[in-house]
Amino acid sequence: MSVPKAVAATIRLRVPAGAARPAPPVGPALGQYRLNLMAFCKDFNARTQKFKADTPMAVTITAYKDNTFEFTVKSPSVSWYLKKAAGIESGSTRPGHVTATTLSLRHVYEIAKVKQSDPYLQNMPLESISKSIIGTASSMGIKIVKDLE
């Protein structure tokens, strides 16, 4: 049985897909733990090349005491997907009172299929993920309808 590595830190960043560079915010965050910046940037950009450029990706980096690291990439947040699908910059200033826009259940289903690939949502049924997305949409002032007219 192998001995687990000693963890130095867990770093959480939001980096645009395919645009990791050793400049801020990536450089200072990884540099203080003496991690190899270029190795991270090349690996991250290779893993996120299937996403559109400037898609904000959440990445969790586990830095070890021996200057090695592992990282997991999560897909963008549900609110980002909802804003992109609706074509709006931000949600309603008064959710529940003012509706920012409407989306169909088909949009919700497509977002749920993408989010199901995330490591922490892999074992959840699509219906549960969809319900969560509908809750996020209502808190943003986006109304979900069966079909758009």
Side-chain angles (χ1 to χ4, degrees), residues 4-5 7-31 33 35-64 68-149:
K5 293 184 187 180
V7 175
T10 303
I11 308 160
R12 289 187 181 88
L13 296 171
R14 194 167 297 275
V15 184
R21 290 180 192 80
V26 177
L30 300 185
Y33 299 105
L35 302 179
N36 187 339
L37 293 173
M38 289 314 296
F40 169 77
C41 291
K42 284 180 182 170
D43 202 10
F44 177 84
N45 291 340
R47 282 198 209 177
T48 59
Q49 68 187 15
K50 67 178 185 240
F51 289 94
K52 275 187 180 173
D54 296 334
T55 303
M57 306 299 288
V59 60
T60 305
I61 306 160
T62 307
Y64 297 107
T68 58
F69 64 90
E70 291 176 354
F71 68 94
T72 56
V73 179
K74 296 177 186 164
S75 60
S77 65
V78 170
S79 59
W80 185 84
Y81 276 121
L82 287 169
K83 286 190 272 189
K84 279 289 178 197
I88 57 175
E89 282 294 311
S90 64
S92 172
T93 53
R94 294 184 60 210
H97 300 283
V98 180
T99 303
T101 186
T102 57
L103 286 176
S104 71
L105 278 172
R106 180 172 281 121
H107 290 101
V108 172
Y109 177 72
E110 292 298 325
I111 295 169
K113 283 204 311 196
V114 172
K115 290 300 284 181
Q116 197 173 32
S117 68
D118 273 6
Y120 62 97
L121 291 174
Q122 277 178 336
N123 300 323
M124 279 182 77
L126 211 54
E127 184 182 354
S128 301
I129 299 170
S130 298
K131 285 180 180 176
S132 171
I133 293 169
I134 291 170
T136 303
S138 66
S139 72
M140 291 173 65
I142 298 173
K143 188 177 179 186
I144 304 296
V145 294
K146 191 170 185 178
D147 284 312
L148 292 174
E149 285 83 39

### All pairs passing side chain to side chain donor-acceptor pair (under 3.5 Å) where residues 39-49 contributes a residue, at least two apart
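Those involving residues 39-49 do not exist here.
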### Query
For residues 69-81, which residue pairs qualify under side chain to side chain donor-acceptor pair (under 3.5 Å), counting only residues two or more places apart or in two chains?
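Side chain to side chain donor-acceptor pair (under 3.5 Å) check on residues 69-81 returns Tyr64-Glu70, Ser75-Lys115, Ser75-Asp118, Ser77-Ser79.
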Without placing hydrogens or testing angles, list every side-chain donor-acceptor pair under 3.5 Å for residues 123-137, not counting sequence neighbours.
{"from": "Ser130", "atom 1": "OG", "to": "Leu126", "atom 2": "O", "distance (Å)": "2.9"}
{"from": "Thr136", "atom 1": "OG1", "to": "Ser132", "atom 2": "O", "distance (Å)": "3.1"}

Working to the nearest 0.5 Å, report the span between [atom1] of [X] and [atom2] of [Y].
X: Thr62; Y: Arg12; atom1: OG1; atom2: CZ; result: 9.0 Å
X: Leu35; Y: Ile11; atom1: CG; atom2: CD1; result: 5.5 Å
X: Leu13; Y: Ile61; atom1: CG; atom2: CD1; result: 4.5 Å
X: His107; Y: Leu105; atom1: NE2; atom2: CG; result: 10.5 Å

### Task
Report yes if the side chains of Thr10 and Thr60 come closer than 4.5 Å at any heavy-atom pair, otherwise no.
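Thr10 vs Thr60: side chains touch.
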### Query
Would you call Val15 and Met57 a side-chain contact if the rule is heavy atoms closer than 4.5 Å?
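Val15 vs Met57: side chains apart.
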#### Entry: Contacts of Ala46 that satisfy side-chain contact (heavy atoms from CB on, under 4.5 Å) - sequence neighbours left out
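So Ala46 forms no side-chain contact (heavy atoms from CB on, under 4.5 Å) with any residue.
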### Under the ring pair (Phe, Tyr, Trp, His ring centres under 6.0 Å) test, residues paired with Phe71 that sit two or more places apart
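Phe71: ring pair (Phe, Tyr, Trp, His ring centres under 6.0 Å) contacts with Phe40.
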### Message
Quick test of your reading: applying salt bridge (Lys or Arg N to Asp or Glu O under 4.0 Å), list the pairs with at least one residue in residues 17-27, sequence neighbours left out, ordered by first then second residue.
### Response
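Every candidate salt bridge (Lys or Arg N to Asp or Glu O under 4.0 Å) pair involving residues 17-27 fails, so no pair, neighbours aside, qualifies.
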### Closest non-hydrogen atom pair between Ala63 and Tyr33, with its separation
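That would be CB-CB, 4.3 Å.
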